[in-house]
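Computed from a prediction, not measured in an experiment: that's the story for all the values here. Here, residue 1 is the first one in the sequence, and each next residue gets the next number.
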Amino acid sequence: ETHACEPARVGQVGGRNVAVWQNGAVLPEPGFFTRPEGPALTLRLPPRLASWNAASHPDQLLLANALGDAEDLLRPYLNESEEPWALRLDIGLPETVKLLDHHDLDNYLFPLSRRLMKNRNLPLVSVWATKSAGVISSIRCEPTSAHAAPEVADYRTTIRTTASAQTRAFKQQIREQLTGCHEMAAGPVSLEIAFAVGSRRNWVNLWKPTIDALGGLLGWTRPDREWHPRDGRITELGLHRTIHPALGTDVVIALAARSL
């Protein structure tokens with residue numbers, strides 16, 4: 001069974017380069033947003049990776065404590081507002097940790113972003129994370145504004161998906177549209193992914209399956225593991241969301257990656 005979506009080509013509208021499909025339709029542009037650069041708050045508890053264990057499992061308890069402490073730390077700086085916000089998490093890992101193996105940045109951002117969006121009703125449209133060797137981890141959360149797509153990138157493309165993010169077809173559609181894609185040179189990678197979604201889409205649930213489909217770009221952990229890319233290589237990650245109601249359940253994804 002095939003799940004192909006036709007690849008986009010580049011066209012011009014109003015002097016701007018835009019993605020155009022084979023039927024001539026112009027794709028809604030996923031928006032990019034500025035990265036928080038304000039004062040950093042030092043986390044009192046180390047960030048924790050997402051856990052899918054039982055609620056009573058020690059990993060879940062440690063995660064709940066870390067999330068609660070991060071939320072308390074941010075509380076004085078958050079206000080009820082409909083303006084778009086951005087989150088940034090800078091993670092310090094022990095020198096003994098292999099920085100480019102595991103410790104995937106989206107798995108740090110996922111539980112924290114969900115917590116802030118649910119408990120604080122925070123309109124997050126952009127989330128960022130970095131990781132490096134160090135003993136200090138920090139967090140920033142502040143209003144953001146639209147920003148141009150990254151000017152410097154070793155690979156960039158725009159993709160449209162029509163399948164549910166919970167299905168294999170979603171990942172297949174992404175993989176099949178990575179035109180001209182070659183595995184990036186060994187070493188750390190900076191990756192930004194901008195999603196254009198319908199008004200009812202939960203964009204947080206798109207992060208992991210999208211990155212899982214990028215093995216052609218990041219390389220695979222093992223040849224026999226289809227959806228297990230070497231995403232530990234990503235040491236800088238930016239994720240963005242723009243709402244285009246006309247998309248319905250379709251998703252448009254803009255990727256920009258570069259070697260560090």
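Minimum heavy-atom separation, Q177 to R160: NE2-O, 2.7 Å. Residues T34 and H147 come closest through the heavy atom pair CG2-CD2, 3.6 Å. Scanning all heavy atoms of the two residues, the minimum distance from L105 to A129 falls at CD1-O, 3.4 Å. Considering all non-hydrogen atoms of both residues, F110 and A50 come closest at CD2-CB, 4.3 Å. Looking at every heavy atom in both residues, I139 comes nearest to A70 through CD1-CB, 4.4 Å. Closest of all the heavy-atom pairs between F170 and I253 is CZ-CD1, 4.3 Å.
Considering only heavy atoms from C-beta on, H103 stays 4.5 Å or farther from K98 through its side chain. In this structure, the side chains of D69 and N65 stay at 4.5 Å or more apart for every pair of heavy atoms. Between P150 and F32, the closest side-chain pair of non-hydrogen atoms falls below 4.5 Å. S126 has its side chain out of reach of L87: every pair of non-hydrogen atoms, C-beta onward, lies at least 4.5 Å apart. Residues R222 and H228 form no side-chain contact, since every pair of their non-hydrogen atoms from C-beta on lies 4.5 Å or further apart. The shortest distance between side-chain heavy atoms of I234 and D104 does not fall below 4.5 Å. Contact annotation: the side chain of T144 never approaches that of W85 to less than 4.5 Å [non-hydrogen atoms, C-beta and beyond]. The side-chain heavy atoms of V125 and E83, taken from C-beta on, include no pair separated by under 4.5 Å.
With N202 contributing its side chain and V204 its backbone, the two residues share a donor-acceptor pair below 3.5 Å. For R88 (side chain) and P36 (main-chain N/O), a donor-acceptor pair under 3.5 Å exists by modelled atom type. E142 places a side-chain N or O within donor-acceptor distance of the main-chain N or O of G38, the cut-off being under 3.5 Å. Formation of a donor-acceptor pair under 3.5 Å by the Q60 side chain with backbone atoms of S56 is not found in this model. At distances below 3.5 Å, at least one donor-acceptor pair connects side-chain atoms of T167 with backbone N or O atoms of S164. Between the D59 side chain and the S51 main chain, no donor and acceptor come within less than 3.5 Å of each other. Between the K131 side chain and the L99 main chain, a donor and an acceptor come within less than 3.5 Å of each other.
Both L73 and L112 are members of a single hydrophobic cluster when ILVMFWY side chains are connected at heavy-atom separations under 4.5 Å. Hydrophobic clustering (ILVMFWY, side-chain heavy atoms < 4.5 Å, transitive): Y77 and L116 are in one cluster. Note: the hydrophobic cluster containing L62 does not contain I91 (ILVMFWY, side chain heavy atoms under 4.5 Å, direct or indirect links). The same ILVMFWY cluster, assembled from side-chain heavy atoms under 4.5 Å apart, contains both Y108 and L41. The hydrophobic cluster containing W128 does not contain L239, counting ILVMFWY residues as joined when their side-chain heavy atoms lie under 4.5 angstrom apart, directly or transitively.
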Show me the side-chain donor-acceptor pairs of residues 183-200 shorter than 3.5 Å, one per line, residues at least two apart or across chains.
residue	atom	partner	partner atom	Å
S190	OG	E236	OE1	3.3
E192	OE1	H240	NE2	2.8

List the atom pairs, donor and acceptor, that lie under 3.5 Å between side-chain atoms in residues 205-218 and the rest of the protein, sequence neighbours left out.
residue	atom	partner	partner atom	Å
W207	NE1	W203	O	3.3
T210	OG1	L206	O	2.7

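Taken to the nearest 0.5 Å, the CG atom of L78 stands 5.5 Å off from the CG atom of L122.
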**OP:** Output, in order, the C-alpha distance, side-chain angles, deciding distance and verdict of side chain to side chain contact (heavy atoms under 4.5 Å, CB included) for R201 and V251.
**Re:** CA-CA 9 Å; R201 269 283 194 175; V251 179; 3.6 Å; yes
Subject >> Evaluation steps, side chain to side chain contact (heavy atoms under 4.5 Å, CB included), between L109 and L89 >> reply: CA-CA 8 Å; L109 286 170; L89 187 62; 4.3 Å; yes
**OP:** Kindly indicate, with the supporting measurements, whether the criterion salt bridge (Lys or Arg N to Asp or Glu O under 4.0 Å) is fulfilled by E226 and R168.
**Re:** CA-CA 10 Å; E226 187 175 21; R168 187 172 184 268; 2.8 Å; yes
**OP:** Test side chain to side chain contact (heavy atoms under 4.5 Å, CB included) on Q172 and W227 and set out the steps.
**Re:** CA-CA 10 Å; Q172 286 179 309; W227 307 116; 4.1 Å; yes
**OP:** Give the C-alpha distance, both sets of side-chain angles, the deciding distance and a yes or no for side chain to side chain contact (heavy atoms under 4.5 Å, CB included) between L255 and R156.
**Re:** CA-CA 5 Å; L255 302 172; R156 67 173 76 241; over 6 Å; no
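Among residues two or more places apart in sequence or in another chain, the side chain to side chain contact (heavy atoms under 4.5 Å, CB included) test is passed with S138 by A40, D90, R140.
Within 6.0 Å of atom NE2 in H102, 12 or fewer heavy atoms from other residues, nucleotides or ligands are found, so the atom counts as exposed in its surroundings.
Salt bridge annotation for R258-D154: absent, with no cationic side-chain nitrogen under 4.0 angstrom from a carboxylate oxygen.
Residue S137 forms a side chain to side chain contact (heavy atoms under 4.5 Å, CB included) with just one option from S132, P47, P46, and that option is P47.
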